[in-house]
Novice: 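Before anything else, here's the structure in question.
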Amino acid sequence: MALLIFATLPLLLIVGYALFAIWLERKVSAHIQDRLGPMRVGGWHGWAQTIADMLKLIQKEDIIPTNASRFLFKSAPFVLFAASYAAFSVIPFSSAYIGSSINIGVFYLLAVTSLLTLSVIMGAWASNNKWSLLGGMRTAAQMVSYEVPTIMSVLSVLVVAGSLNLMTISEMQTGNDILGFLPNWLIFQNPFLIVAFIIFFISIVAESHRVPFDLPESESELVAGFQTEYSGMRWGIFMLAEYADMLLLSLLGAVLFFGGWASPFGSYLSGPVWGFIWFMLKGLLFVFVMMWMRWTLPRYRVDQLMEICWTILIPVSFINFVLIALWEMTF
Amino acid sequence: MTTEEITEYLNREYGGNLDPTYAEAGDSWITVSPSVLREVAKTLRDDKNLQFNNLMCLSGIHYQKENELGVAYHLHSTIHDHKLVMKVRVPEDNPVVPSVESLWKTANWHEREAYDLVGITFRGHPGLLRILTPQDWEGHPLRKDYEQQESYRNVSTGI
Amino acid sequence: MGLLDKKYHDSNIIIVSLESALNWARKSSLWYEQFGLACCAIEMMATAASDYDFDRFGIIPRSSPRQADVMIVAGTVTMKMASRIERLYEQMSEPRYVISMGSCSNSGGPYWEHGYHVLKGVDKVIPVDVYVPGCPPRPEALLEGFLKLQERISNETIIEPRETEQESTEEEKEPIEVE
Amino acid sequence: MAPVTSPQPAAIENRTMTINMGPQHPSTHGVLRLEVTVDGEVVTKVKPDIGYLHRCFEKYAESLGDYAKVVPYTDRIDYVSALHQEMGYVIAVEKLLELEVPERVEYMRVILAELQRIASHLLGIGTFGLDLGAFTPFLYCFIERENILRILEKVSGARLLYNYLCVGGLMRDIPTDFTSDTWEFVTSFRPKIKELNDLLTTNSIFIDRTANIGVLPAEVALNYSASGPMLRGSGVSWDLRKNDPYSIYDRFEFNVPVGQGEMGTVGDCWDRYIVRVREMEESLKIIEQALDQMPGEGDVKEAVPRRIRSKEGEVYVRTETPRGELGYYIISEKSGPYRIKARTPSFVNLSILPAISKGALVADLVAIVGSIDIVLGGVDR
């Protein structure tokens, strides 16, 4: 029973967060664009907007195109959601809570998130729609390519941290010792990790396909990309998973570079509850930056996207990795 | 050059017998017979003193009284900055006009439109298909005696 | 069509409150299909833009018909386009609604007399829920159309009509079958 | 996928795929349908299919039997720049009837036309940005556009389709605060152009997406009879307001911006875009001069004929709309109009699309269509 509660906690968190994030995204975009955003539904600033959206999506007809590959079409959204949900199990939400504190946490997380690519291709192929197919092809190419710089920058952190366990990595970042006042976050421990973080952030934006790398579902080109044929709650799950994925990668960034649940003020405000709050705040900050980028920038073209990855990010991340290793050996 | 000068120049240099037509108001024009249209058009475009490099407009017209169809070419030269209106008229029962698509690419769609709406066939056009109305549309709407079809693909066109 | 498939015979308090919750959800999140036909589409864009802001009501565009709830037929429907509109409507998932925006799609508008290629009213090919008059309607008018649609949605029910009514509807259906 | 060269070509089947873009597609600006043949993502052939908005303007123009009745229908040809369509038409009819128009009316028409040009360019630029995935500039453009529409609404009573110009004059007198409103707009709009430049024009992603894409060489443009920003983007300085002045455009000083290939090749999408941005500044200049020179008094309906007495003859009058050369070819009889053809810039400019989009990617195709800035009402009429 306790195990069940333990397992469903992240689920509630993810769904609650996704509902909040979608609302937040609409509010953020609206205020960037000199609008108000949802105002009516539920009263105060349209707080119930996404709840209504989800309740509506449940009521919608679940269309499966005649020529679609039924099994793949039906299961794709669940594979996607399962992948991002499973990945949450190694995230240390606070000093007192982690789903599974396994020794190969980072490795597990990266492996499980690769399933996202699979499910997108499943959905795209099964839809039997040309726009979906183009979107699926783009996604496959994009996510496989951007996994390389992500992994390289994660590897750089691991060199400094010396552990694959995310809980251990978080624990070693508590306290304020650098220069006497800076928190012991990894990003402050090694100057080259700042470069690694920039590469990591660009890559996770691309991996969660957000603007300027939102080619898989680029609305003005591919209608809705791989989601074109999906309707109702199946599409809703895609959307939930997309936001969950965003949070997952942001939280990973928070753990690897910004101390996870460690408080920025040393031992001040640092209990398990505060730890959770700090952790979520850090994650949401990255999510907010992603939203900000989405509503400001145009979109790259598919070949330019690849060019950035293979000619800039990957070489730089390799060189950076070597430099970090040298730094660690010297100091 | 004005229309008059251009006509004179053409008659002098190429031995034609073109004559400008004047109306009560507005522009004057020259009428060319369909058999020499392409030659005249090519001359107008390539002659050093004329150089009509810009086909502004091409319109199909139905002259109901005369039972004739016509095409009006509005030409303009960006080099010499002069204009010319050239017309060609063909009988309603055999409305064939040589295409000028190879001279001015812009004529491609204009000719398709004239074919679609007025029903003039352009000889030598690379793909003379209807352009505005669907391919299985009946009749040519801009003919003065056009009768609207009652339904199209089981949807009534009436009120 | 999801939960709406099931109709309930009796109307107890749970079903009534479920019904109002479902209706509330449907009317609060009307996603419209992002496609425009003619002049009205520009006004539709203006309504979605900052000055009028559709998003206040939870109305956002979706470019795939599968995910849309409302189709705004914004502009003149021509004979060539009529079959496309029909197909788009068929591609939408239930429950779906149609707002006919502007005189042209209401009735042919200024093109009713000599418009050989204009469909005289989109209701000849698809069922319309709300008609918004105007040429083109102002953004306020389109918003009003959406409010009317919301009103209409909140009157929808998942309770099956009484047996007597059912019989009468069946009787009405009979002559159609005979034909 | 690029074509694969393999040692055994027979073993690999290389097929192209045909995708149907539109008539319902977020970035075809209405109901344009493109039949695109792609090899992977590379476009090998584009076939535009138009006519989904063919509203029989020409049939109407000759069936109504009266010149005055046609004006509202001209509005609907190119609904984004309705005043230009009206202006071209009334100028054509005035030329046919040899009508003289009062000074004040001429100035008013020019000011309104330039305001409309800015509004239309704002929409064109905004949707172009939207095609490239930038949503926010689109809404910023719309905010400014609303400011213009407010002025136009005060003048004419309508937001989009004005029916304000009539043969010989204007439908209604000019509101008293028109001048002050317009001055206010002009002063507030200048800084906004800079804002737009910061957001879009100099954005490196935007430049990557538009420079060297859809290059249209000048001679091809001329052969296709392209006009407006499409032609000027290719480096040809051709503006009917300067080169063949109509109305009173010869009284104003303004420049004709042309594409110079600052970011790539002359005639690419970026050039077409920047021409529009710079034209807005030129329009502001014209508006300022016109506001200064406009006579304060005068009856705007002075020259409006009570009943139009038609003449026999024909005219072809062309004016410069935001999209290029709009020509009205009117054949008139004693009884009224016999044939009116509208030669719209959108129709002609769109016919170039197959020529400049070969070898582009699907994403580029969207950018090219956006940079042509078509209005389907104008294409199909």
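Only this structure's heavy atoms are used, side chains among them; waters, hydrogens and symmetry mates stay out. Chain A is the first sequence line, chain B the second, and so forth, proteins listed ahead of strands; every chain is numbered from 1. Just so it is clear, the structure is predicted and the values come from calculations on it, not from any experiment.
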Novice: For the CD atom on B:E68, are there more than 12 heavy atoms of other groups (residues, nucleotides or ligands in this structure) within a distance under 6.0 Å?
Specialist: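 Atom CD in B:E68 is packed in, count exceeds 12.
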Novice: Taking all atoms of both residues into account, what is the closest heavy-atom pair of B:P134 and C:H117, and its distance?
Specialist: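 Heavy-atom minimum between the residues: CD-NE2, 3.3 Å.
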Novice: Let me see the working for C:K80 and B:T133 under side chain to side chain contact (heavy atoms under 4.5 Å, CB included), right down to the final yes or no.
Specialist: CA-CA 7 Å; C:K80 204 172 178 176; B:T133 57; over 6 Å; no
Novice: Decide if atom NZ of C:K148 counts as having more than 12 heavy atoms of other residues, nucleotides or ligands within a radius under 6.0 Å.
Specialist: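 It does not: C:K148 NZ has 12 such atoms or fewer within range.
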Novice: Just how far is it from atom CE of C:M79 to atom CD of B:Q148, taken to the nearest 0.5 Å?
Specialist: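 It comes to 8.5 Å.
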Novice: Rounded to the nearest 0.5 Å, how far apart are OH of B:Y152 and OG1 of C:T78?
Specialist: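 Answer for the OH-OG1 pair, B:Y152 versus C:T78, is 9.5 Å.
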Novice: Taking the inter-plane angle between the rings of C:Y116 and B:W137 on a 0 to 90° scale, is it parallel (under 30°), tilted (30 to 60°) or perpendicular (over 60°)?
Specialist: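 Ring orientation, 0 to 90° scale: tilted.
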Novice: Mark yes when over 12 heavy atoms from residues, nucleotides or ligands other than B:K144 sit less than 6.0 Å from its NZ; otherwise mark no.
Specialist: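 Yes, because the 6.0 Å sphere around NZ of B:K144 holds more than 12 heavy atoms from other groups.
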